[in-house]
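Working notes for the structure below.
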Amino acid sequence: MQHWAANYIGDEWRAGEHDCWGFFRRVQRERFGREIPPFDVDAFNRLACARAVRDNPERLNWQPVAGAPEEGDAVLLAHARHPSHVGIWIGADGGGVLHCVEGDGVVFQTKKSLAACGWGRLEFYRHA
């Protein structure tokens, strides 16, 4: 991938510091000039993550995307009914999600690859 996102791939996952939310905040600040507030959640507890994503006041600053996602849009990912993970939509290589995963660090995955890993539901949001 010849894209700015390639510079992040492989960065280490660290709970509470550089997990999915920490990475999302970092990219939004460094690449899109948006300051996203931190929130305290146990990155190892999927239910706590789902509740944090659902209840975070920052969510009010993001609107659902009706059409195709654009570079920098937030992507909420769910294994089940409720999202418990966040990434950033990247338009390169046909489009996909840049996100930080426990055990793998920062990766880029297409929708097909995400589905194969169990991320069956994606929701796209754009900063208002």
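Just so it is clear, the structure is predicted and the values come from calculations on it, not from any experiment.
A distance-only check finds no donor-acceptor pair linking the side chain of E70 to the backbone of R126 [under 3.5 Å]. Of the possible polar contacts, one joining the D19 side chain to the G16 backbone as a donor-acceptor pair under 3.5 Å is found. The backbone N or O of I36 sits less than 3.5 Å from a side-chain atom of R25, completing a donor-acceptor pair.
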Exercise for the section: Tell me, with the steps shown, if I90 and H3 meet side-chain contact (heavy atoms from CB on, under 4.5 Å). Expected result: CA-CA 9 Å; I90 303 299; H3 188 275; 3.5 Å; yes
Practice task
Take E71 and W4 through the test side chain to side chain donor-acceptor pair (under 3.5 Å) and record every step on the way to the result.
Solution key: CA-CA 11 Å; E71 186 102 358; W4 60 260; 3.0 Å; yes
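Taking the six-membered ring for Trp and the full ring otherwise, W13 and H18 have centroids separated by 6.0 Å or more. The six-membered or imidazole ring of F24 lies near that of W62, with a centre-to-centre distance under 6.0 Å. Ring centers of Y8 and F23: under 6.0 Å apart, within the cut-off.
The shortest heavy-atom contact between C100 and V106 is SG-CG2, 3.9 Å.
Linking ILVMFWY residues whenever their side-chain heavy atoms come closer than 4.5 Å, directly or via other members, leaves W89 and F32 in distinct clusters. Note on L114 and V75: same hydrophobic cluster, where clusters join Ile, Leu, Val, Met, Phe, Trp and Tyr whose side-chain heavy atoms are under 4.5 Å apart, directly or indirectly. The hydrophobic clustering, which links ILVMFWY residues whose side-chain heavy atoms are closer than 4.5 Å, places I88 and F108 together.
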